[in-house]
Undergrad: 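Here it is, the structure, as structure tokens.
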Amino acid sequence: MARYIFVTGGVVSSLGKGLSSASLASLLQLRGYKVRIRKLDPYLNVDPGTMNPFQHGEVFVTDDGAETDLDIGHYERFTEISATKFDNITTGGIYSDIIKKERRGDYLGGTVQVVPHVTNRIKKFISHNVKNEDFIICEIGGTVGDIESLPFLEAIRQFSNDIGKRNSLFIHLTLVPYLKASAELKTKPTQHSVKELRSLGIQPDIIICRSEKSIPKNEREKISLFCNVDIKNVIETIDVKTIYEAPISFHKEKLDERVLSYFNIKSKKKPNLTKWKKITLNVLRSKKEVNIGIIGKYVNLKDAYKSLDEALAHGGISNKLKVKLDRIDSDSLRVDNLDALLKKVSGILIPGGFGKRGSEGKIAAIKYARLNNIPFFGICFGMQMAVIEAARNLLKIKNASSSEFGNNCTPVVGLINEWQKGNKIFKGNEKNLGGTMRLGLYDAILKKNSLTSKIYSMKKISERHRHRYEVNIKYQSEFEKKGLIFSAISPDGLLPEIVELKTHPWFIGVQFHPEFKSRPFNPHPLFSSFIKAAHKQKEIS
Ligand code: GLN
């Protein structure tokens with residue numbers, strides 16, 4: 001039977017619950033166990049798909065097309081297990097299921113309540129589709145004390161009681177702040193957070209303390225005493241130089257050992273952390289740098305392009321280069337400041353995006369990359385903007401644009417009419433925005449001898465998508481005459497998936513999101529190749 005590890009957070013948000021859960025999962029894998037990580041998010045959106053990245057960071061897309069929390073990306077990258085739609089749920093998702101059932105009359109006249117209906121639905125999610133996993137790590141979003149997370153905490157309390165205390169473990173992650181004025185580490189916020197958790201019936205078994213400085217024995221004793229936790233289970237986590245160091249640092253603090261000891265399990269094998277050590281050294285020792293300009297709307301919030309930042313770092317790892325990101329606000333780009341803003345970068349990347357705002361700045365930057373032979377990588381919206389730029393300047397269609405910005409244009413990018421997955425036909429939808437895009441894995445066939453087919457060294461690829469609009473296939477031959485090759489198309493020959501410029505050292509636009517499939521130990525070939533090309537560009541300029 002699987003054992004369940006619940007991870008909650010206290011004091012403040014953004015302490016690194018996702019990274020801690022992912023690190024623990026990796027350590028358990030290295031000890032020979034099968035693990036699965038799940039996340040419960042307390043907000044009312046049915047999924048984060050309709051949320052602005054400023055609100056909640058990137059939306060991470062799974063193979064099966066679920067729009068999920070960005071922590072799911074950490075889990076995938078650290079465990080190399082592809083997540084599914086069964087691995088992330090929100091309060092909104094739970095309520096919408098329950099309300100649908102209520103409307104159908106499934107509750108047979110009963111009163112529908114938070115306990116037991118909502119809590120039962122949460123419990124069902126936690127153990128749903130569990131097969132032969134040894135451990136399920138379940139992270140609860142938000143911070144203990146929030147009104148919204150109460151049903152989740154009640155559900156995990158009940159869950160632990162249902163399966164027995166010995167089969168479930170509670171980890172609580174808190175902050176131990178350092179006060180400069182008194183030169184002291186303060187344990188009181190942790191004590192209060194644990195008090196709050198205990199008032200809900202949950203006694204943590206392990207406390208992970210995030211701190212700027214190492215926590216001395218005296219403070220650990222205090223936490224142990226007031227929070228009723230074995231001192232060996234007070235684990236510190238101090239800022240690491242690279243995220244790849246996190247599993248190493250948790251292992252040093254014996255987190256994995258304490259988890260197994262709690263469950264009274266003897267480790268299947270001694271964990272070998274060489275892969276984490278090697279990758280950490282690679283990142284810390286790479287001195288040569290390459291500057292990449294990311295041009296987007298959400299450049300002020302780091303988490304908005306989380307997987308992209310990671311995938312670029314992976315591209316750096318495979319070339320032993322440090323990738324420095326220059327985040328440029330697309331709204332601030334104008335013809336007269338392009339050169340000043342872009343001359344420092346050796347590669348230009350335009351990520352996914354929605355809406356007209358900032359699109360003209362992106363188009364101007366693409367023109368600059370095209371004319372100055374600067375490696376250019378357009379992802380989803382970035383590819384669509386590259387096609388609009390080429391239509392305006394190579395095909396001379398002056399009012400070329402996307403129907404996403406209104407109908408007053410020649411739509412070289414337009415709403416996808418329909419697409420097929422398995423036997424099902426889906427239709428484009430601009431009215432209902434939640435979960436109606438072309439989402440998840442779709443195949444594409446690569447054109448022989450194209451740059452992309454060399455990079456992938458494959459004929460057929462399968463990548464994760466998240467889009468409602470698509471490049472109009474009707475213009476293919478006109479574009480190809482001008483050197484913009486459609487180097488991958490969907491198997492039915494209708495949807496352009498990759499474009500590349502024949503007359504340019506590295507100019508590729510992809511309709512999918514390769515960043516979601518890139519992993520530290522298996523960097524995505526497009527990112528490795530892009531970073532290599534950008535570095536070459538730096539050497540020659
Ligand atoms: N807004 C564009 C579309 O829906 C691009 C989406 C994206 O970049 N993920 O097609």
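We're numbering straight along the sequence, starting at 1. Whatever order the structure lists them in is the order used to number ligands and atoms, beginning at 1. Bear in mind the structure is a predicted one, so any value in this text is a computation, not a measurement.
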Undergrad: Which pair of non-hydrogen atoms, one from Cys380 and one from Gly352, has the smallest distance, and what is that distance?
TA: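 Scanning both residues, the minimum pair turns out to be CB-CA, 4.3 Å.
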Undergrad: Is it the case that the side chains of Glu310 and His74 hold a donor-acceptor pair, with the cut-off being a distance below 3.5 Å and no angle test?
TA: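 No, no side-chain donor-acceptor contact under 3.5 Å.
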Undergrad: Does a donor on one side chain sit under 3.5 Å from an acceptor on the other, for Tyr75 and Glu139?
TA: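 Yes - a donor-acceptor pair under 3.5 Å links their side chains.
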Undergrad: What is the distance from atom CD1 of Ile531 to atom CZ of Phe377, rounded to the nearest 0.5 Å?
TA: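 Interatomic distance, Ile531 CD1 to Phe377 CZ, rounded to 0.5 Å: 9.5 Å.
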Undergrad: Among side-chain atoms of Gln384 and Ser402, is any donor-acceptor pair under 3.5 angstrom?
TA: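 The criterion, which ignores hydrogens and geometry beyond distance, is not satisfied for Ser402 and Gln384.
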Undergrad: Will you find, in the side chains of His513 and Glu58, an N or O donor that is under 3.5 Å from an N or O acceptor?
TA: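 On atom types as modelled, these side chains do not qualify, holding no pair under 3.5 Å.
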Undergrad: Collect the protein residues that have a non-hydrogen atom under 4.0 Å from ligand 1 and hand them over in chain and number order.
TA: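 Under the 4.0 Å cut-off, ligand 1 touches Gly352, Gly353, Phe354, Cys380, Phe381, Gln384, Glu404, Arg466, His467, Arg468, Tyr469, His513.
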